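If you're wondering where the values come from, they're calculated on a predicted model, not measured in any experiment. All chains are named by letter (A, B, ...) in the order of the sequence lines, taking the proteins before the strands, and each is independently numbered beginning at 1.
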Amino acid sequence: MFTIDKKAKNLSMALMAIGLVALIFGFVSNPHDTWPALLFNTYFYLGISVFAVFFVAMQYVSEAGWSIVLKRVPEAIMGALPVFSFIMLFIIVAATSHFGGNHIYHWLQEGIMDPASDHYDKILAGKEPYLNATFFIARTSIYLIIWNYFAEKLRKLSILEDKQGGTGSHFKSVSTSAWFMVFFAVTSAMASWDWIMSIDAHWFSTIFGWYVFAEWAAIGFTTILLFTLYLQRQGYLKDVNESHIHDLGKWVFAFSLVWTYIWFSQFMLIWYSNIPEEVTYYTARLEVENYKFLFWFSMLINFILPIILLMSRDAKRNNGRLIFVSIFILIGHWLNSYLLVTPGTLNTHGHIGFTEVGIGLGFAGLLIYLTLYTLAKEPLEAKNHPMLDESKHLHT
Amino acid sequence: MQKEAEIRDPLILGKKSYHDITKDIARPVEGKANKYWWILFSLSFGLFLWGVLSMAYTVGTGIGAWGLNKTVNWAWDITNFVWWIGIGHAGTLISAVLLLFRQKWRMSINRSAEAMTIFGVLQASLFPIIHMGRPWLAYYVFPIPNQFGSLWVNFNSPLLWDVFAISTYFSVSLVFWYIGLIPDFAMLRDRFSEKTAPMKKKLYSFLSFGWSGKAKHWQRFEEVSLVLAGLATPLVFSVHSIVSMDFATSVIPGWHTTIFPPYFVLGALFSGFAMVETLLIIMRKVVSLESYITIKHIEYMNIIILLTGSLVGTAYITELFMSWYSGVEFEQYAFINRATGPYWWAYMIMMSCNVLTPQLYWFKKIRTSFVATFILSIFVNIGMWFERFVIIVTSLHRDFLPSSWSMFSPSFIDIGIYLGTIGFFFTLFLLYARTFPVIAQAELKTIVKSSGSEYKNKK
């Protein structure tokens, strides 16, 4: 069994306190700018927690045997999903009613789809069947309910397996995972259009859903790796050996490259064709002093750093190296999340200040606390999984 | 020591010793071809000859021999090119990506899948070469110094990137395939005697590069395999991404869309696995490899087909949705025209073969049936050809100027060239099946004691 030690508890509490202060400071001083900060941070941490569900499901449908000894780690990260889902739902509901000065979504502006209004925008009005407040809230609720339902179910089956043994819950988990994959493929893409892409309401990109998925995967794998290394260092997870860490490192490396691939596909095709419908998205980022540096800098961290520092086999078996790169990858993707939201909401005057960083740290504290709390609830080693022995003897 | 869970199905059926595996895999090379082989070979070779004549006619008279017109200036040529390149992708995925993922089931199918890749890429490369009109000047696609002033390739053109992407892909695939073959060629070399088959002995001695099975040889063999897998994995992505850019870098509605690179890669894997199934389901019967290419192998491939087919399906729907969501009239029309215009039937074939067909694999009964898989794999092959046809021809045939709208109909020569490449492909594959060890026996022997049915049952 895992017990939360004082240090970790205090750290997560301290981080959460910083987050709370930042949130209050933000909403008191400048609510208009605080909502986008809240949105991109929620996007980031919700992504990490929902990707944990994907990780577990992926292990089942692909009959993976290597990861069983650490499967409680992603299961615990799933523990943060309900909280971040709630925050996301709150932001969306607030956006539709402009509660607390929430003006994240331009298309929700009063009169924008009304031909009689001064704000009338013909193109946005054409999107009304999809972009309207009721449907927006309904969709967000559906995505979140589906994700939480499957997270809950997979977790329950895994614990049931510990108690009951046999292969019944294993095969049930396989079919549950397959269904989750189907729903997730659709909902994750649509969620990315709704929450992020519709911020730049005129702009569209067919690859966007996969782009967001790749980002969530990159930060999701990184987080799983970091928690595993932490637990190992604390003397838990005795069955996790170098090969498991190596395998997780490969995933981090691979998905850093997949993210880059998708990033490049979108960027290059839009840059090359240079048509006004699309290219404005990048001019809003590349021709604004505040964002230009971050745009290339996040790319550098998310791509160049892992490809140089994680390419070799030895690097992926070196805990210090892995922690170093992982932390930078998280920062890089956090900056990239900032860039997904800010130019479309704050135009040219967005900047990273105490509110943005504070909320980010606060959510990190929340994620750490919820994960460790969930870990402490059940035994750290999954028993009775039919491939457990394979995982214990992993040697590559 | 590595362990294999009881719950995993065996990958080698029946009571097989190491020697049995050797015999089973050497048999098609050592024995004589049966009647069916000769029938298939004559058919394929006949088609190939028809293709050669059509190509010769094209080179002799010019591209006017094809059904192209001013509006539809790209049609079957590029459709076939993309189709063949796509088919090749499964081989690289099986040999490289599945190696990195430690998937043992790849060992029974990787050799043939890689052969398919190489033969597929050969067919694909024919199309741009004939399309040049003067194929003897083909070397001009390479950026070589020349005496014609500033006559230089256009580095901004995705068509040029194709040249580099595909030639890299072809060379890496070939080297990967060949290195895997070395221990197996050595096995054949050792089985042929100097007295009864001196020519064959000489040939396989030459091909096996003096392989003697020393520990050092194996160690290098495994290391180079991993390095090549690492090199080939990005190629799985890059090649078809660059092929997709032939279209996506343009500003033509229906072509210019950001999802194209990953969507083309998935479509390629989808069609490639279907072709692997078409070939292997026939081959396992013709050369009696039922113990090695089992229904479990087919089931795994069907699951990949289900996955990639569904993702391709979501990409279709995404494109359709975004064309509406974009609010751009031209985008919207391009997709309405695709689905309801004069080429609606091609769109329907594409949708039903690529999106609906793989959904049948949700049923265990269907995905574990050889007959059903064989039929459905043909459907997927057809569907993926039509996907390219739909993307290419329906996006072009209704130009921005309604006065230039037109239709495309293939000429006799178009059909001849296409069928000719199918003939050429099967000719090569049939020759391969008679002269190469069609299963990586050296690799397969490493799992017989952990994944062989006889050993699994004993536990």
Check: How far apart are the C-alpha atoms of Lys250(A) and Leu100(B), what are their side-chain angles, what is the distance that settles it, and do they pass the side-chain contact (heavy atoms from CB on, under 4.5 Å) test?
Finding: CA-CA 10 Å; Lys250(A) 285 179 204 165; Leu100(B) 297 182; over 6 Å; no
Item checked: Partner set under ring-ring contact (aromatic ring centres under 6.0 Å, His included) for Phe150(A), not counting sequence neighbours -> Phe180(A), Phe183(A)
Notebook entry, point to check: Could you go step by step and tell me if Glu4(B) and His393(A) meet the side-chain contact (heavy atoms from CB on, under 4.5 Å) rule?
Noted result: CA-CA 9 Å; Glu4(B) 189 174 295; His393(A) 291 87; over 6 Å; no
Notebook entry, point to check: Side chains of Tyr261(A) and Ser241(B): does their closest heavy-atom pair fall under 4.5 Å?
Noted result: yes
Checklist line | Met190(A) side chain near Thr318(B) side chain, heavy-atom distance below 4.5 Å | finding: no
Notebook entry, point to check: Using non-hydrogen atoms and a limit below 4.5 Å, what part of residues 299-313 of chain B faces chain A?
Noted result: Tyr300(B), Leu311(B)
Notebook entry, point to check: Considering heavy atoms only, which positions within residues 249-258 of chain B lie below 4.5 Å of chain A?
Noted result: Thr249(B), Ser250(B), Val251(B), His256(B), Thr257(B), Thr258(B)
Just give me the residue among [options] that pairs up with chain A most often, heavy atom to heavy atom, under 4.5 Å.
| options | answer |
| --- | --- |
| Ser238(B), Ser323(B), Ser326(B), Gly327(B) | Ser326(B) |
| Gly230(B), Pro261(B), Ala315(B) | Pro261(B) |
| Thr314(B), Ile259(B), Val328(B) | Ile259(B) |

Next item on the list: Evaluate the ring planes of Trp161(B) and Tyr272(A), with Trp represented by its six-membered ring, and classify them as parallel (under 30°), tilted (30 to 60°) or perpendicular (over 60°).
Entry: perpendicular
Is it the backbone or the side chain of [X] that comes under 4.5 Å from a heavy atom of chain B, or both, or neither?
| X | answer |
| --- | --- |
| Ile262(A) | side chain |
| Val61(A) | neither |
| Ala201(A) | backbone |
| Thr167(A) | side chain |
| Ala189(A) | neither |
| Ser198(A) | both |
| Trp203(A) | backbone |

With rounding to the nearest 0.5 Å, note down the distance linking [atom1] in [X] to [atom2] in [Y].
| X | Y | atom1 | atom2 | result |
| --- | --- | --- | --- | --- |
| Tyr263(B) | Trp210(A) | OH | CH2 | 9.0 Å |
| Ser265(A) | Phe260(B) | OG | CZ | 12.5 Å |
| Trp105(B) | Glu63(A) | CH2 | CD | 10.5 Å |
| Trp193(A) | Met322(B) | CH2 | CE | 4.5 Å |
| Glu390(A) | Arg8(B) | CD | CZ | 4.0 Å |
| Phe330(B) | Ile275(A) | CZ | CD1 | 11.0 Å |

Inspect the surroundings of [atom1] in [X] and state if more than 12 heavy atoms from other residues, nucleotides or ligands are less than 6.0 Å away.
| X | atom1 | value |
| --- | --- | --- |
| Trp179(A) | CH2 | no |
| Glu329(B) | CD | no |
| Phe363(B) | CZ | no |

Checklist line | Residue pair Gly126(A) / Trp324(B): nearest heavy atoms and the distance that separates them | finding: O-CZ2, 3.4 Å
Check: When only pairs under 4.5 Å are counted, which of Leu269(A), Val258(A), Asn274(A), Leu388(A) shares the most heavy-atom pairs with chain B?
Finding: Leu269(A)
Next item on the list: Quick one: do Arg102(B) and Trp66(A) satisfy side-chain contact (heavy atoms from CB on, under 4.5 Å)? Show the steps, please.
Entry: CA-CA 10 Å; Arg102(B) 301 193 292 264; Trp66(A) 67 275; 3.7 Å; yes
Next item on the list: Please identify each residue that fulfils side-chain hydrogen bond (donor to acceptor under 3.5 Å, both in side chains) with Lys71(A), with sequence neighbours left out.
Entry: Tyr60(A), Glu75(A), Ser158(A)
Next item on the list: Flag the pair Tyr325(B) / Trp107(A) as yes when their ring centroid distance falls below 6.0 Å, and as no otherwise.
Entry: no
Notebook entry, point to check: Stepwise, does the side-chain contact (heavy atoms from CB on, under 4.5 Å) test hold for Phe321(B) with Tyr130(A)?
Noted result: CA-CA 10 Å; Phe321(B) 172 78; Tyr130(A) 188 78; 3.7 Å; yes
